[in-house]
Number of protein chains: 2
Amino acid sequence: MSWTLPRERLEEASEHTGLSHHTKASGLTLSQLTLHTQEENHKNFNFFHYSLQSMHLPNAFFNSFLESGKSTLACSLSRELHSKGKLSYILDGDNLRHGLNKDLGFKAEDRTENIRRVGEVAKLFADAGLICIASLISPYRKDRDACRAMLPEASFIEVFMNMPLELCESRDAKGLYKLARAGKIKGFTGIDDPYERPLNCEIEIEQKDGVCPKPAALAGQVVSYLEEKGFLQVE
Amino acid sequence: MSWTLPRERLEEASEHTGLSHHTKASGLTLSQLTLHTQEENHKNFNFFHYSLQSMHLPNAFFNSFLESGKSTLACSLSRELHSKGKLSYILDGDNLRHGLNKDLGFKAEDRTENIRRVGEVAKLFADAGLICIASLISPYRKDRDACRAMLPEASFIEVFMNMPLELCESRDAKGLYKLARAGKIKGFTGIDDPYERPLNCEIEIEQKDGVCPKPAALAGQVVSYLEEKGFLQVE
């Protein structure tokens, strides 16, 4: 089933087009308005989505080691946003490696391309009106900074899951750390490949007194940030 | 502004989870239900979107020569869907070549990768609950068939804009046909690169009595198809 918008939302849209008063005052219908918008900017294909965005939507990028709890937190955040009536979509690094990014490996240049594509897709989702939650291992600072630079200002929210490597390694649900320690997997982040900690992330998630807070509490931390920045306002 | 769903839609979601009667009858809250769904399938990250989809969403792929009117029709279709309260998103081949696909050229293998990525992104959008409208030049049958194969059955809707090359060439808004005829652009679809006409497209758009119907009329043709197939049903 696709989303069906109530009539008021369609009318609301015409209130948020950002068109000039002149255009608004001309008494055009919504359909004429959007056509007009389209004529004003022929690159503006997704007129309705653009027209509804009075501010850029955030893209939350969770980043850390394997088994740090990124995906769990992403799910929890998505649920939390959903309970507030906000549409979001999770771009999960692992899943994308079975689809869009299945041609990429784990060499430095492939990791660069991996996050570049995730950033580009996040941009499309934000453009479509969804809050995009990316969850992936992107160990190099320059790649994350490039991704930040490609997104509209303030809309890239870097969430660093600052979990001790030992904790992540102790989880090892897929046995990959074990294989990496045995030298059977090369270029493994945190083992024989570096993880460059962020210098300027928006949110840092940490243990409290040696205990990792529950996902819902961590999601709450992200939601509070989004609320403070006005991203979740009902307009 | 992001989408804000009215409370009824959130409740509705729990009616469409597709979970077993056993689970439904257990009296779990929506949040517990979705957590349950997540436990049932840990790959199912975007629980809410999945849960709302009682059928796969269509992906309309417009395809033809440059200047055939693909993007105009895509816009018109998006507007038409919007007037019916359906969210859609246009993936425009030209625009994507400034972002996600900016590393690709026009060689055969790059064209293959171009439509592969568009297909993968369309899949993500459909998964997120939006009708995806792709508008791109994809001249090789095998690439389009590969894209069809990667999407859920019946959800790839190939729309062939069967416009005479002469008509497209006469429009030539960017002067690219002229450059191609002069041999200044190589590998140009329809000039020195083939366009393999579809053998099994779902919709064929044609001129009527030598005149190209208005975009709204053409969009209506696509909407009728989607309605007939039950894609636009309000559930």
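Computed from a predicted model, the values in this text were never measured in an experiment. Throughout, a chain's letter reflects where its sequence line sits, starting with A, and its residues are numbered from 1.
- Rounding to the nearest 0.5 Å places CG of A:N95 at 9.5 Å from CG of B:D127.
- Listed by chain and residue number, nothing satisfies the salt bridge (Lys or Arg N to Asp or Glu O under 4.0 Å) test with A:E228 (two or more places apart in sequence, or in another chain).
- Neither the backbone nor the side chain of A:I133 has a heavy atom closer than 4.5 Å to any heavy atom of chain B.
- Here CG of A:L130 is found 6.0 Å from CG of B:L130. Values are rounded to the nearest 0.5 Å.
- Annotation: salt bridge (Lys or Arg N to Asp or Glu O under 4.0 Å) contacts of B:E158 (sequence neighbours excluded): B:R144, B:R148.
- For B:K107, the salt bridge (Lys or Arg N to Asp or Glu O under 4.0 Å) partners two or more places apart in sequence, or in a different chain, are B:E109.
- Residues of residues 110-119 of chain A lying under 4.5 angstrom from chain B, judged on non-hydrogen atoms, are A:E113, A:R116, A:R117 by number.
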